[in-house]
Amino acid sequence: MSISPEILARQLARETHARQQAESLLEQKSLELFHQARQREQALAELRESEERYRLIVELSPDAILIAVDEEIVFANSAARLLFNETTANGLLGKNLLELTTEQDRSKAVQELQRVASGGRCIETEELAMRLDGSTFSVSVQRVALTYQGKHAAQMVARDISARKQLEHQLAHQASHDILTGVPNRQRLTDILEQALRYADRYATPVWVGFIDLDRFKFINDHYGHHVGDHVLRTVTERVRSVLRNGDTIGRFGGDEFVLLLHGAQHEQLNAAIVERIMDAINLPIVFDGHHLRITCSLGLATYPDDGENSQSLIEHADVAMYRAKESGRHLCQFYTAQMNQQFVERNQLESTLYTVLDRNELQLHYQPIVNLHSGHIVGVEALLRWDHPELGRIPPDRFIPIAEECGMITKIGAWVLQQACMQCAQWNAAGLGPLRVSVNLSVRQLDSPDLVANIATALKQTGLPPSLLEIELTETLMMTDIDRALHLLQTLRKMGVRVAVDDFGTGYSSFAYLKRLLLDSLKIDQSFIRGLENDHENQAIVRTMIQLAHNLKLHVIAEGVETDFQLAFLKQWGCDEFQGYLLSQPQHSDGTGALLSKHQSSLLIT
């Protein structure tokens, strides 16, 4: 049976269409495969680019980056090799990651690795790392888990923070230590003392707190400059540190004030030798910038628990004791006593009223006559300051003069004394009771004052007293403490025509070589040597030597504190020129002294 052409045509058309559909489908699939291949190639290229970029970022990172598998280092970038001081190729690879951590921080590093491995959050820590050469440094570390070449790994990123840590340490040190001397400052001292007190309570051991104030330090700053003052503070600090025992502390409380913290064993008393070593170390001469300086100090001591229950009260009571030492003459050590509290309150009361003492006319000058042993006539008077307080009564000069020096009132008071003494002496001379000179004592702070010479010149000009009838008295300790300043002042006074006497001779540390250089007129033998003349052959020999020494130096000799006929006869026998003392008259007001001068104007007081 034959197939019609129409059927064959339709069959052929169907086969052609099917073939075309298959070819179209094959072409579409081929195109899809081509695109997928291109995408895979692009993805691989991007992956390779990403990996290269990551490698470059890691390699060029300023932070040290290390990767460890099972704690064994398998990768280290350039920063890591530099940071950990790798000196040989691949010196870090193969090492245990924990070998780069110091033993004290190793347990912390292990805990961090374990926490990261268990999926813990990455946190930044600060540790002490160890270089390959064994040196240590501070690092900031971050650890994170990752996959490295198909294996579980830990990545460590480390940054050197040694400079920051050093700066933090310096700032912390500066906050707790004095910048100039390097010793603990006031705040740090309090902390150290509180720790010491807790230790003392636990083990029943004593603690002593010392308060040191350098004598006349303001003078050094004012006249030599702060660079000299700073050198003195550093030198004093180092000297005291060198003589302290292990465990003892010195700190700077402020200015020229220092605090000592001294420890003791159970039932131990403070050894006087310790205190002597400290004060002797401070007292050693200091030579700096062409200046020869001799520094002394006043030291107050308070004992725990007897003198205070906490650091504040101990420091305050040691400070009170220091002021007591300063008022007693300086260069002294004084232990605190309960009685000093009342004295300290009184001192503050005196200081507050000293500021207006001149306005209230509470100060007076008393005068003690000076007699010439050869002629028997009164040839001068010494002006002595007195203060009659409206509530406390008569205040001794040795009580209020140091306070006036401390609060700065001594300059005004000293100018007033010069004015009043010169005016009174001029009046006595104008009344025909002379020729009569007046002697005026200068204090430490007056010598420091730049207005001293001007005040003397003003007093002489306004009162009309001839300069030769004014005698300025300086203690030998004052002159020897600052010989250059004393020489300059004496030269100036000599040009003015004013006389100068060394007061309290024999009580200080005069050098005969310096005594020869000083432009002096008189030497006053201290009354402590005169009191013992009757029964003390050594004192007699000392006084004879003083008189001979002064005369050999062409100095006038005046003896203070003469109270007996024997003392007077002895002084006259050995050629002393003048004397003053209770044998003739105690110091008295100008009215009483004027009456005495009038009574003995022409009579001989001694024969």
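Heads up: numbering here begins at 1 and tracks the sequence. The figures here come from the full heavy-atom set of this structure, side chains too, leaving out hydrogens, waters and symmetry mates.
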Participant: Please test I212 against M322 for side chain to side chain contact (heavy atoms under 4.5 Å, CB included), starting from the C-alpha separation and ending with a verdict.
Facilitator: CA-CA 7 Å; I212 295 176; M322 181 276 295; over 6 Å; no
Participant: State, without any angle test, whether E578 and H556 hold a side-chain donor-acceptor pair at a distance under 3.5 Å.
Facilitator: yes
Participant: Looking at Y336, Y323, F335, F211, which hits ring pair (Phe, Tyr, Trp, His ring centres under 6.0 Å) with H317?
Facilitator: Y336
Participant: Mind checking the CZ-CD spacing from F529 to Q540? Nearest 0.5 Å is all I need.
Facilitator: 14.0 Å
Participant: Is there side-chain contact between I472 and L418, with at least one heavy-atom pair below 4.5 Å?
Facilitator: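 In short, these two side chains touch, coming nearer than 4.5 Å.
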Participant: Closest heavy-atom contact between L583 and E563?
Facilitator: CD1-O, 3.7 Å
Participant: Should we count NE2 of H227 as having more than 12 external heavy atoms under 6.0 Å?
Facilitator: yes
Participant: Would you give the length of the straight line joining atom CG of L301 to atom CG of L299, rounded to the nearest 0.5 angstrom?
Facilitator: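 Those atoms lie 4.5 Å apart.
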Participant: Can you tell me if CG on N552 sees more than 12 non-hydrogen neighbours from other groups inside 6.0 Å?
Facilitator: yes
Participant: Under 3.5 Å, side chain of R360 to main-chain N/O of T353, donor-acceptor pair present?
Facilitator: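 Side chain of R360 to backbone of T353, a donor-acceptor pair under 3.5 Å: yes, one is there.
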Participant: Please determine whether side chain to side chain contact (heavy atoms under 4.5 Å, CB included) holds for the pair M423 and Q427, giving the CA-CA distance in whole Å, both sets of side-chain angles, and the decisive distance to 0.1 Å.
Facilitator: CA-CA 6 Å; M423 181 176 65; Q427 290 175 358; 3.7 Å; yes
Participant: Is the closest side-chain donor-acceptor distance between D289 and H231 under 3.5 Å?
Facilitator: no
Participant: Please confirm whether the backbone N or O of V183 pairs with a side-chain atom of D178, one donor and one acceptor, at under 3.5 Å?
Facilitator: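 Flag not set: sc D178 to bb V183 has no pair under 3.5 Å.
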Participant: Ignoring hydrogens and geometry, is there a side-chain-to-backbone donor-acceptor pair from D256 to D213 under 3.5 Å?
Facilitator: no
Participant: I'd like to know if the side chain of D451 pairs up with that of T411 as donor and acceptor (distance under 3.5 Å, no hydrogens or angles considered).
Facilitator: no
Participant: What I want to check is whether the side chains of D215 and T296 have a donor and an acceptor closer together than 3.5 Å.
Facilitator: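 Their side chains do contain a donor-acceptor pair, which is all the 3.5 Å distance test asks for.
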Participant: Provide the closest heavy-atom pair for Y367 versus Q420 in the form atom of the first, atom of the second, distance.
Facilitator: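 Scanning both residues completely, I find the closest heavy atoms to be OH-O, 3.8 Å.
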Participant: Do the side-chain N and O atoms of E382 and N441 include a donor-acceptor pair separated by under 3.5 angstrom?
Facilitator: yes
Participant: Test R499 against S522 for side chain to side chain donor-acceptor pair (under 3.5 Å), laying out the working first.
Facilitator: CA-CA 8 Å; R499 295 170 57 88; S522 304; 3.0 Å; yes
Participant: What are the two closest non-hydrogen atoms of C297 and M279, and how far apart are they?
Facilitator: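 In this case the closest contact between C297 and M279 is O-CE, 3.5 Å.
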Participant: Name the one of I278, I295, I286 that satisfies side-chain contact (heavy atoms from CB on, under 4.5 Å) with R239?
Facilitator: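 Option passing the side-chain contact (heavy atoms from CB on, under 4.5 Å) with R239: I286.
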Participant: Show your reasoning for whether salt bridge (Lys or Arg N to Asp or Glu O under 4.0 Å) applies to D521 and R494.
Facilitator: CA-CA 10 Å; D521 296 284; R494 175 60 62 91; 3.7 Å; yes
Participant: Report yes or no: do K524 and Q580 form a side-chain donor-acceptor pair below 3.5 Å?
Facilitator: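 Side chains of K524 and Q580: pair found under 3.5 Å.
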Participant: Is the shortest heavy-atom distance from the side chain of V240 to the side chain of L260 under 4.5 Å?
Facilitator: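 Sidechains of L260 and V240: in contact.
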Participant: Any side-chain donor paired with an acceptor under 3.5 Å for T235 and E238?
Facilitator: no
Participant: Please state whether the rings of H173 and H177 are parallel, tilted or perpendicular, taking 30° and 60° as the class boundaries.
Facilitator: parallel
Participant: Name the orientation class of the two ring planes belonging to Y224 and H291 (parallel below 30°, tilted from 30 to 60°, perpendicular beyond 60°).
Facilitator: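 Correct class here is tilted.
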Participant: Test side chain to side chain contact (heavy atoms under 4.5 Å, CB included) on E534 and D536; report intermediate values, then the result.
Facilitator: CA-CA 6 Å; E534 281 84 353; D536 192 332; over 6 Å; no
Participant: Should we count CD of Q573 as having more than 12 external heavy atoms under 6.0 Å?
Facilitator: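 Yes.
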Participant: Less than 3.5 Å apart, any donor N or O on the side chain of Q419 or Q462 sitting next to an acceptor on the other?
Facilitator: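 A pair is found: one side chain offers a donor N or O, the other an acceptor, under 3.5 Å apart.
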Participant: Under the side chain to side chain contact (heavy atoms under 4.5 Å, CB included) criterion, do D503 and E560 qualify, and how do the steps go?
Facilitator: CA-CA 9 Å; D503 194 20; E560 297 181 297; 3.1 Å; yes
Participant: May I have the step-by-step check of salt bridge (Lys or Arg N to Asp or Glu O under 4.0 Å) for D280 and R277, ending in yes or no?
Facilitator: CA-CA 5 Å; D280 288 346; R277 283 203 306 269; over 6 Å; no
Participant: Using every non-hydrogen atom in the two residues, find where D577 and H551 come nearest and quote the distance to one decimal.
Facilitator: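 Shortest heavy-atom contact: OD2-NE2, 3.0 Å.
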